[in-house]
Amino acid sequence: MALDVLKVTIERGPDAAAAQQSFDVPAYENQTVLDVVSWVQQNADPTLSYRFACRVGMCGSCAMMVNGVPRWTCRTHISKVLDGNAVTIGPLRNLPVIKDLAVDMDPFFDKWVEAEGVHHGALTRDDPIAPVDETTVERTTANTGIECINCSVCYAACDTVTANKDYLGPAALQRAWTLLNDAKDEGRASILDAVSGKGGCHTCHSMGSCTAYCPNDLDPMSAIAGLKRETARSFFRRGRS
Amino acid sequence: MKELRLYMAQRITALIMAPFVIGHLAVMIYAIQGGLSAAEILGRTQGSVLWFLFYGTFVVVVSIHGAIGLRVAASEWAGVKGVALEVFMWAVGLCLFYLGAQAVWAVTFAAGVGP
Ligand code: SF4
Ligand code: SF4
Ligand code: FES
């Protein structure tokens with residue numbers, strides 16, 4: 001592949017589709033989508049706004065829409081996404097645009113808290129450290145969801161988030177599920193309540209875009225299915241007591 | 001907790017519906033053997049407590065299941081919210097029940113084959 005120049009279209013402004021700008025960016029052998037955006041900002045238009053930090057897929061701040069697909073741009077090689085020699089890069093879907101490629105992630109993080117995706121501890125610093133049995137089903141279940149980097153790719157991929165602004169979304173619900181399975185978390189009742197309300201886990205249509213697009217190969221769809229099972233169980237238990 | 005209750009109502013009615021759908025399909029296949037006539041159908045259903053309960057229950061669970069499903073569609077696709085959404089759900093449910101109940105009533109208690 002001996003491309004010299006990449007035709008890069010960047011969607012700028014809240015009305016992204018109407019504010020497209022094209023740039024010619026030199027092609028390199030080894031180049032990520034984030035490298036391309038950085039080249040534009042450093043060489044063509046210093047006013048271009050975007051967000052990144054770690055550049056190694058750890059911090060979750062660099063996600064953007066690339067040819068209409070949500071991706072972590074620092075770990076996406078440009079050759080994987082080029083259409084001929086062209087690529088279109090836009091701000092992440094389902095979140096308000098602040099400027100250019102930078103979106104306001106507050107709704108995404110607020111929903112983590114709404115889903116009770118916070119630690120519910122019962123011990124104090126004076127208590128001995130509780131041992132964690134690595135072999136239990138609960139622990140292995142929790143382990144499948146803990147590598148989430150809060151990148152919001154799944155949130156951008158989810159059509160249910162688009163259709164229902166109250167929906168907590170895949171990442172927040174997956175965190176609720178890992179905490180529900182965490183022996184050190186004491187928030188069972190409040191988590192089940194939080195995910196059973198308006199916009200909770202029952203809103204999910206199990207179509208699996210979240211699982212298909214998560215760059216870390218996590219499976220929020222199955223985590224949400226787990227929450228549905230647990231809430232159904234507690235529904236029957238409550239009915240009996 | 002309303003969301004959870006609606007979810008459970010929809011899943012439970014789905015569970016109940018499964019055997020009814022299979023039963024209904026089986027009867028349909030059985031009934032069309034050798035042609036289909038109103039008299040044949042009415043001969044089976046008229047005055048029958050069993051068929052009345054079968055299709056009566058079927059109508060009730062379909063009304064609940066369909067109304068909750070369309071409530072979601074109306075909210076996500078058409079942006080219907082709040083009181084309007086609840087009114088819509090009840091209207092769909094009652095309408096389905098009215099149509100279904102009328103049919104069940106007719107095949108069970110109707111006097112005879114119409115013109
Ligand atoms: S499975 Fe659920 S959370 Fe995942 S994309 Fe579909 S609706 Fe959204
Ligand atoms: S679940 Fe995956 S896609 Fe969603 S925020 Fe976490 S790492 Fe990103
Ligand atoms: S810059 Fe940190 S994940 Fe991409």
Side-chain angles (χ1 to χ4, degrees), chain A residues 93-94 111 114-116 155 157-170 172-173 176-177 180 187-210 221 223-241, chain B residues 1-25 53-54 56-97 100:
Chain A
R93 182 173 174 244
N94 289 343
K111 285 176 179 177
E114 266 176 64
E116 289 290 333
Y155 192 81
C158 177
D159 286 342
T160 306
V161 172
T162 315
N164 181 350
K165 67 170 176 36
D166 293 324
Y167 179 40
L168 296 171
L173 289 169
W177 175 239
L180 202 64
R188 189 172 183 82
S190 46
I191 293 172
L192 287 179
D193 266 4
V195 302
S196 299
K198 208 165 172 235
C201 63
H202 308 103
T203 313
C204 166
H205 292 299
S206 307
M207 302 280 270
S209 298
C210 50
M221 180 180 68
I224 296 168
L227 286 175
K228 288 176 180 168
R229 276 197 307 277
E230 268 319 301
T231 51
R233 245 179 236 142
S234 80
F235 177 86
F236 286 125
R237 252 179 250 137
R238 244 180 255 182
R240 264 185 274 132
S241 60
Chain B
M1 271 339 72
K2 191 173 96 215
E3 307 293 321
L4 176 58
R5 278 206 297 273
L6 288 174
Y7 174 86
M8 292 308 294
Q10 204 190 21
R11 302 305 134 141
I12 291 168
T13 49
L15 273 179
I16 301 172
M17 256 159 56
F20 277 110
V21 171
I22 293 167
H24 179 60
L25 287 174
L53 288 178
F54 181 95
T57 317
F58 201 174
V59 164
V60 171
V61 290
V62 164
S63 306
I64 297 172
H65 187 84
I68 300 173
L70 286 174
R71 177 184 184 270
V72 175
S75 134
E76 289 188 7
W77 284 10
V80 183
K81 297 271 175 260
V83 182
L85 189 60
E86 307 314 322
V87 170
F88 174 80
M89 176 180 78
W90 280 97
V92 169
L94 291 173
C95 181
L96 285 174
F97 178 75

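Here is how names work: the chains are called A, B, and so on, in the same order as the sequence lines, proteins then strands, and each is numbered from 1. Small disclaimer: the values here were computed from a predicted structure and weren't measured.
B/Lys81 contributes atom NZ, which lies 7.0 Å from atom NZ of A/Lys165 (distance to the nearest 0.5 angstrom). One distance of note links SG of A/Cys201 with OH of B/Tyr7; it measures 7.0 Å at 0.5 Å rounding.
Of the two parts of A/Asp159, neither the backbone nor the side chain holds a non-hydrogen atom closer than 4.5 Å to a non-hydrogen atom of chain B. Looking at A/Thr162, neither its backbone nor its side chain comes within 4.5 Å of chain B, counting heavy atoms on both sides. For B/Arg5, the parts lying near chain A are the backbone and the side chain together; criterion is any non-hydrogen pair under 4.5 Å.
Counting heavy atoms from C-beta outward, A/His205 and B/Glu76 have side chains that approach closer than 4.5 Å.
Within 6.0 Å of the CZ atom in B/Phe20, the count of heavy atoms belonging to other residues, nucleotides or ligands exceeds 12.
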